[in-house]
Amino acid sequence: MAEPKKDARREPILEVRNLVKHFPLTQGILFKKQVGAVKAVDGISFELYQGETLGIVGESGCGKSTVAKLLMNLERATSGEVFYKGQDITKLSGRALKAVRRNIQMVFQDPYTSLNPRMTVGDIIGKVQELLDVVGLNPEYVNRYPHQFSGGQRQRIGIARGLALNPEIIICDEPVSALDVSVQAQVINLMEKLQDEFNLSYLFIAHDLSIVRHISDRVGVMYLGKMAEIGTDEQIYDHPTHPYTQALLSAVPVPDPDAREGRERIILTGDVPSPANPPSGCRFRTRCWKAQDKCAEELPLLAIPERFAGSDSLAAHESACHFAEEKDVVGAA
Ligand SMILES: Nc1ncnc2c1ncn2[C@@H]1O[C@H](COP(=O)(O)OP(=O)(O)OP(=O)(O)O)[C@@H](O)[C@H]1O
Ligand SMILES: [Mg+2]
């Protein structure tokens with residue numbers, strides 16, 4: 001389990017406010033007509049604190065990578081704000097954007113395609129020898145090309161490239177999903193070591209819930225372009241309040257038989273609805289066993305349930321469910 005970072009200052013380094021990204025859906029080849037929009041990210045707010053790791057989980061297509069790109073302004077937001085030290089990144093362009101981007105770097109999922117095959121490692125990273133050493137690669141490799149490295153080594157190169165400009169924030173979009181399980185742990189350990197050394201803040205996107213728990217201080221659960229629940233890893237994993245989080249977690253095998261007791265497996269029925277035509281009210285209601293009329297009529301807002309108010313001053317446990325006041329149905333008792 002990730003220990004709470006003792007020195008994590010409770011200062012947000014990124015503040016995301018009501019972030020929206022709609023991709024227009026068009027028809028026609030010559031005269032394109034907009035016929036709708038894919039609501040990839042549909043009003044998301046959260047903070048990333050200095051020195052912490054915020055994990056983001058959720059099924060394929062829920063908008064995780066789009067959030068990552070919006071945070072760096074690689075994709076233009078439809079609306080909403082992303083404040084980095086008081087500056088709204090979504091409104092920046094040109095030089096001002098470039099200056100901010102130095103501080104926010106990205107490590108991509110696939111170390112096989114995200115490195116330019118025609119550049120040597122030295123060209124890719126910049127100030128090399130030292131950084132190769134920092135990420136545990138032999139500095140003599142500086143004139144080699146990406147194909148001369150293994151997947152784990154390539155991801156170390158990707159991380160070294162991310163570090164080259166001394167960033168404060170690293171956005172990791174599935175950084176270890178393409179790697180063998182044995183190599184995943186090495187890369188994760190390296191990332192944790194670097195975080196301590198350089199006081200980095202990580203936004204860590206992944207499918208694998210156990211990896212996310214291992215590395216994250218807090219975790220956000222996304223569903224269809226919205227944040228369903230957010231809290232510390234303990235709050236999310238041991239006391240999930242949103243039925244979607246409960247369903248996601250119930251699918252994770254629990255090795256400890258004692259912890260397994262009393263946990264029921266929740267099988268979600270139906271497919272994830274299309275983000276071009278999401279359900280009214282709560283996005284999850286079409287697959288939720290608790291859904292009532294209210295859920296179709298009223299969008300539940302992400303908020304701290306009464307029963308958690310004041311119980312923990314360090315971290316808020318927020319849930320976007322009309323029934324978040326009810327006691328957990330699954331999770332550790
Ligand atoms: N450039 C684009 N144009 C149109 N639609 C897009 C574009 N990029 C993403 N989308 C759509 O937005 C939604 C969210 O995509 P996104 O890549 O953010 O999901 P994700 O959570 O990262 O999924 P995965 O876990 O598979 O990586 C999907 O429906 C996707 O098809
Ligand atoms: Mg993605």
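Note that ligands are numbered from 1 as they come in the structure, with each ligand's atoms numbered from 1 the same way.
Put simply, atom 4 (C) of ligand 1 has protein non-hydrogen atoms near it, under 4.0 Å away. In this structure, atom 31 (O) of ligand 1 is not in close contact with the protein, since no protein heavy atom lies within 4.0 Å of it.
One option in T66, L25, V38 has a heavy atom closer to atom 11 (C) of ligand 1 than any other, and that option is V38. Between G61, G225, G58, it is G61 that holds the heavy atom closest to atom 20 (P) of ligand 1. The heavy atom nearest to atom 21 (O) of ligand 1, considering only K69, E75, K64, E174, is found in K64.
Screening K64, R283, R287 for a salt bridge (Lys or Arg N to Asp or Glu O under 4.0 Å) involving E59 leaves a single residue, R287. The side-chain hydrogen bond (donor to acceptor under 3.5 Å, both in side chains) with H317 is formed by just one residue from the set H239, R307, E229; it is E229.
Note on Y223 and I266: same hydrophobic cluster, where clusters join Ile, Leu, Val, Met, Phe, Trp and Tyr whose side-chain heavy atoms are under 4.5 Å apart, directly or indirectly.
Residue contact check for ligand 1: H207 places a non-hydrogen atom closer than 4.0 Å to it. Under the 4.0 angstrom criterion for non-hydrogen atoms, C62 is in contact with ligand 1.
Taking the six-membered ring where the residue is Trp, H147 and Y145 present parallel rings, their angle staying beneath 30° rather than reaching 60°.
Protein heavy atom nearest atom 9 (C) of ligand 1, with residue, atom name and distance: F23 CE1, 3.5 Å. The protein heavy atom nearest to atom 12 (O) of ligand 1 is A40 CB, 3.2 Å. Looking only at heavy atoms of the protein, atom 24 (P) of ligand 1 is closest to S60 OG, 3.6 Å.
Separation of atoms CD1 (I13) and CD (E47) is listed at 13.0 Å; rounding is to 0.5 Å.
At a cut-off of 2.8 Å, T66 does not coordinate the Mg ion (ligand 2) through any N, O or S atom.
The shortest distance between side-chain heavy atoms of L163 and I170 falls below 4.5 Å.
In this model, no donor atom of one side chain and acceptor atom of the other lie less than 3.5 Å apart for Y141 and Q153.
Checking only distances, S65 does come within under 3.5 Å of ligand 1, N or O to N or O.
Salt bridge annotation for E234-R218: absent, with no cationic side-chain nitrogen under 4.0 angstrom from a carboxylate oxygen.
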Practice item. Take D173 and S65 through the side-chain hydrogen bond (donor to acceptor under 3.5 Å, both in side chains) test and state the conclusion after the steps. Key: CA-CA 7 Å; D173 192 357; S65 296; 2.6 Å; yes
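Less than 4.0 angstrom separates some heavy atom of P275 from each of these atoms of ligand 1: 29 (O).
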